[in-house]
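Because the structure is predicted, anything quoted here is derived from the model rather than measured. Computation of the quantities below employed the complete heavy-atom set of this structure, encompassing side-chain atoms and omitting hydrogens, waters and symmetry-equivalent molecules. Order of the sequence lines fixes the chain letters, A, B, ..., with proteins taken first and strands second; residue numbering starts at 1 for each chain.
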Amino acid sequence: MPILLHDTLAGQKRELTTLEPGAVGLYACGPTVYDFAHLGHARCYVVWDVVVRHLRARGYRVKYVRNFTDVDDKIIARANQRGEDPVALAARFSDAFHQDLDALGCLRPDAEPRVSGHIPEIVELIGLLVQKGYAYAPGNGDVYFSVRKFPEYGKLSRRNLDDLLAGARVDPGEAKQDPLDFALWKGAKPGEPRWPSPWGEGRPGWHIECSAMTRKHLGDRFDLHTGGKDLVFPHHTNEIAQSVCACGDGLHADQYARHWMHNGFVEIDDEKMSKSLGNFFTVRQVLERYDAEGLRLFLLGTHYRRDFNFSDQVLGEAELRLGYLYETLEKADRLAAGTAPAAGDTLLERCRAALDDDFNTPQVLGLLAEAFTAANTLCDLKGKKTPEQRAALAAFAAAARTVGETLGLLGRTPGAALLALRTRAAARRGIDGVVVEARLAERAAARKARDFARSDAIRDELLAGGVAIMDGPEGTTWKVAG
RNA sequence: GGCACCGUCGCCAAGUGGUAAGGCAAGGGUCUGCAAAACCCUUAUUCCCCGGUUCGAAUCCGGGCGGUGCCUCCA
């Protein structure tokens with residue numbers, strides 16, 4: 001089964017082809033670590049996590065590389081502001097980034113290179129570009145890439161040089177031959193971190209780091225490069241130019257990464273969420289109030305290429321939905337206990353097929369929805385279940401969990417997840433579980449005495465406080481009302 | 001201004017030539033002491049508008065209208 005993906009370079013859906021059969025080298029542009037991860041980061045790294053998981057489920061050996069940009073203007077500015085060492089500040093926020101993504105159930109990449117650890121590789125790559133005549137050092141300590149020497153410059157972002165020229169800007173102190181040229185190396189300014197180089201002390205420009213790190217960890221060419229769609233220009237456009245000129249034939253834009261995938265934005269009130277606009281929620285802010293797995297389900301509810309608007313309402317719905325999924329699994333587990341799964345269940349393969357087609361997670365969730373409804377129908381049938389029914393439920397539960405594994409969902413035991421979800425929801429509503437349990441005990445006594453007036457009064461009172469109760473054969477349970 | 005993307009039920013959201021998935025909400029029902037949960041049924045002859053191509057279009061083409069993004073740091 002081929003994997004189809006929307007390839008930015010091709011401008012359309014294409015079949016994934018790899019340099020080496022059965023293996024994928026994947027590079028995801030990582031964060032610049034000067035602050036906590038926000039929901040935009042959460043979205044894209046959850047998506048790339050699903051891409052990695054699905055490719056592996058389809059039998060590919062994936063080498064997943066994601067960098068930390070730890071040398072950068074903003075990091076330096078933030079560090080100076082706080083009187084902290086830039087590299088130390090970056091290390092602090094990369095730790096926080098790990099915590100947040102771990103909480104969201106993202107697998108750690110196979111390699112997580114940092115700019116600060118790849119200066120020699122960067123210097124070497126710049127040297128190669130200078131030597132081949134694609135880059136020049138005007139003598140002010142900077143080194144620039146000569147954009148007009150790469151014929152396919154702008155292919156990824158579908159721009160031509162003349163259009164770009166209108167918006168081009170040259171900062172004072174720069175010595176570009178052409179306004180569109182960009183810095184590979186920036187001469188050191190006072191108070192900035194610096195490393196030695198043939199062109200004097202300084203630090204790497206923004207784009208060269210990724211070219212150097214992909215080269216070191218994945219080779220001169222590799223299979224798949226991903227990132228937010230805001231990186232298409234200039235970052236990825238420049239990366240291609242550098243790498244193709246340094247390591248490829250200097251002519252063709254496809255001689256770096258074979259495929260490019262870009263994710264859409266998370267928005268607030270229909271505006272892009274970004275650090276510079278200041279309209280962002282950090283992952284940890286959201287996780288104070290909501291369940292991490294619920295957030296993950298929410299993020300996967302929209303196809304990765306689309307923008308989507310963050311809202312408390314939809315996030316809350318996703319968390320309730322997660323509760324439903326676990327409740328169903330719990331029932332199915334109970335009824336199917338000790339039964340071998342029936343053969344012939346197609347849920348897993350249908351979900352895999354949906355992921356094969358450009359990682360269509362919303363479609364997978366739709367397929368799961370139908371399967372969960374069907375499973376609930378089976379569970380709710382009156383009377384003792386037949387062996388066939390129990391086997392069907394066992395097959396359902398197994399398939400659902402396997403799909404869940406690829407999505408990074410449904411990995412908890414239902415009981416634990418449901419308790420955690422209820423605790424979370426109760427905290428949001430200011431509900432004290434101990435008080436609820438006490439009232440439920442009173443109500444149980446009333447019901448035993450068939451004092452339904454009193455029992456219903458307690459129920460109404462609890463419901464008014466946001467507590468919904470369910471009477472079952474094994475006693476009364478409660479949850480936070482949706 | 002240039003280049004992209006997007007506009008599908010009250011809300012969220014798949015579907016990119018073959019006759020509108022799914023979720024939430026809403027209404028009716030089963031179950032229940034009554035409820036809740038769960039399940040069942042119902043809810044877009046229609047996909048921003050106008051033309052065109054086609055046996056057939058939400059899907060392709062042209063033109064509008066509306067929104068967003070990139071062109072400067074950004075996932």
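Under the side-chain hydrogen bond (donor to acceptor under 3.5 Å, both in side chains) criterion, E209(A) pairs with T69(A), not counting sequence neighbours. The salt bridge (charged side-chain N to carboxylate O under 4.0 Å, His left out) check on R454(A) picks up E442(A), with sequence neighbours excluded. For F68(A), the ring-ring contact (aromatic ring centres under 6.0 Å, His included) partners two or more places apart in sequence, or in a different chain, are F97(A), H98(A). Not counting sequence neighbours, the partners of D333(A) by the side-chain hydrogen bond (donor to acceptor under 3.5 Å, both in side chains) test are R401(A). Every residue was checked against the side-chain hydrogen bond (donor to acceptor under 3.5 Å, both in side chains) condition with T302(A), not counting sequence neighbours, and none meets it. Every residue two or more places apart in sequence or in another chain that forms a ring-ring contact (aromatic ring centres under 6.0 Å, His included) with H41(A) is listed here: H38(A). Annotation: salt bridge (charged side-chain N to carboxylate O under 4.0 Å, His left out) contacts of R78(A) (sequence neighbours excluded): D35(A). Every residue two or more places apart in sequence or in another chain was checked for a side-chain hydrogen bond (donor to acceptor under 3.5 Å, both in side chains) with Q363(A), and none qualifies.
Note: CG (D451(A)) to P (G33(B)) measures 16 Å, nearest angstrom. The distance between atom CG of L367(A) and atom P of A21(B), rounded to the nearest whole Å, is 13 Å. As rounded to whole Å, 13 Å separates atom C1' of G1(B) from atom CG of L164(A). Rounded to a whole Å, the CG atom of N376(A) is 8 Å from the P atom of C40(B). Note: CG (D270(A)) to C1' (C5(B)) measures 14 Å, nearest angstrom. Atom P of nucleotide A38(B) and atom CG of L335(A) are separated by 16 Å, given to the nearest angstrom.
D380(A) comes within contact range of at least one nucleobase, with a heavy-atom separation under 4.0 Å. Note on R443(A): a base of the nucleic acid sits closer than 4.0 angstrom, heavy atoms only. Among the heavy atoms of the strands lying under 4.0 Å from G264(A) is at least one base atom, whether or not backbone atoms are also near. Within the nucleic acid shown, I469(A) comes within 4.0 Å of at least one base atom, counting heavy atoms only. Residue H303(A) is in sugar-phosphate contact alone, with no base atom involved, counting any heavy-atom pair closer than 4.0 Å across all strands shown. Within the nucleic acid shown, F233(A) comes within 4.0 Å of sugar-phosphate atoms alone, with no base atom in reach, counting heavy atoms only. No contact: K13(A) has no heavy atom under 4.0 Å from any strand. No engagement by R43(A) is indicated, since no non-hydrogen atom pair under 4.0 Å with the nucleic acid exists. Residue G40(A) is in base contact, counting any heavy-atom pair closer than 4.0 Å across all strands shown. At the heavy-atom level, V266(A) lies under 4.0 Å from base atoms of the strands shown. As judged by a 4.0 angstrom heavy-atom cut-off over every strand, F265(A) is placed among the base-contacting residues.
For RNA chain B, none of the residues of residues 92-115 of chain A falls under the heavy-atom distance limit of 4.0 Å. Against RNA chain B, the stretch residues 273-283 of chain A makes heavy-atom approaches under 4.0 Å through M273(A), S274(A), K275(A), S276(A).
Remark: the D471(A) side chain and the A36(B) base include no donor-acceptor N/O pair separated by less than 3.5 Å. Judged by atom type and distance alone, R450(A) does not reach the base of G33(B) through any side-chain donor-acceptor pair under 3.5 Å.
Aromatic ring pairs are classed by plane angle as parallel below 30°, tilted from 30° to 60° and perpendicular above 60°; the pair W260(A) and Y256(A) is tilted. A tilted orientation is assigned to the rings of F372(A) and Y324(A), their planes being inclined by 30° to 60°.
With A36(B), A75(B), C40(B) as the choices, the nucleotide that has an atom nearest any side-chain atom of T377(A) turns out to be C40(B). Here the nucleotide nearest the side chain of T302(A), chosen from A13(B), C73(B), C70(B), is A13(B). For D456(A), counting side-chain heavy atoms from C-beta on, the closest listed nucleotide (A75(B), G33(B), U68(B)) is G33(B). Looking at the side chain of Q363(A), the nearest of the listed nucleotides G15(B), A36(B), A75(B) is G15(B). Of the candidate nucleotides C70(B), C34(B), C39(B), C70(B) has the atom nearest to the side chain of K272(A).
G18(B) and U30(B): their P atoms are spaced 41 Å apart (whole Å). Here the separation of A57(B) from G1(B), taken at their P atoms, is 34 Å to the nearest Å. Taking atom P in both G15(B) and C60(B), the straight-line distance is 13 Å, to the nearest Å. The C1' atoms of U43(B) and G27(B) are separated by 8 Å, rounded to the nearest whole Å. On the P atoms, G52(B) is 14 Å away from U59(B), given to the nearest whole Å. Between the P atoms of U46(B) and A14(B), the separation comes to 23 Å (whole Å). With both ends at atom P, the span from G28(B) to A37(B) equals 14 Å, rounded to whole Å. Look at the P atom in both G63(B) and C70(B): the space between them is 26 Å, to the nearest Å.
If V364(A) and R306(A) are placed on RNA chain B by their nearest nucleotide, the residue sitting closer to the 5' end is R306(A).
Taking the six-membered ring for Trp, F308(A) and F298(A) have ring centres closer than 6.0 Å.
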Only pairs under 3.5 Å count here: list side-chain donor-acceptor contacts from residues 474-482 of chain A, not counting sequence neighbours, and write none if there are none.
unit_1	atom_1	unit_2	atom_2	d
T476(A)	OG1	D471(A)	OD1	2.8
W478(A)	NE1	E437(A)	OE2	2.9
K479(A)	NZ	E327(A)	OE2	2.9

All N/O contacts under 3.5 Å from nucleotides 23-29 of chain B to the protein, with atom names and distances to one decimal?
unit_1	atom_1	unit_2	atom_2	d
G23(B)	O3'	R321(A)	NH1	3.3
C24(B)	O2'	E317(A)	OE2	3.0

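For N360(A) and G15(B), the shortest distance from a side-chain N or O to OP1 or OP2 is below 4.0 Å. For C5(B), the OP1/OP2 oxygens have no side-chain nitrogen or oxygen of R158(A) closer than 4.0 Å.
Side-chain contact of D223(A) with Y27(A): a donor-acceptor pair under 3.5 Å is absent, judged by distance alone.
M261(A) is not listed as a side-chain neighbour of H225(A), based on a closest heavy-atom distance of 4.5 Å or more.
With both pairing distances under 3.5 Å, U45(B) is matched to nothing as a Watson-Crick or G-U wobble pair. Pairing of A58(B), defined by two Watson-Crick or G-U wobble distances under 3.5 Å, is not identified with any nucleotide. Base pairing analysis places U19(B) opposite nothing; no Watson-Crick or G-U wobble pair with both distances below 3.5 Å involves it. Using the Watson-Crick or G-U wobble rule with both distances under 3.5 Å, C70(B) pairs with G2(B).
Using a 4.0 Å cut-off between charged nitrogen and carboxylate oxygen, D49(A) and R296(A) count as a salt-bridge pair.
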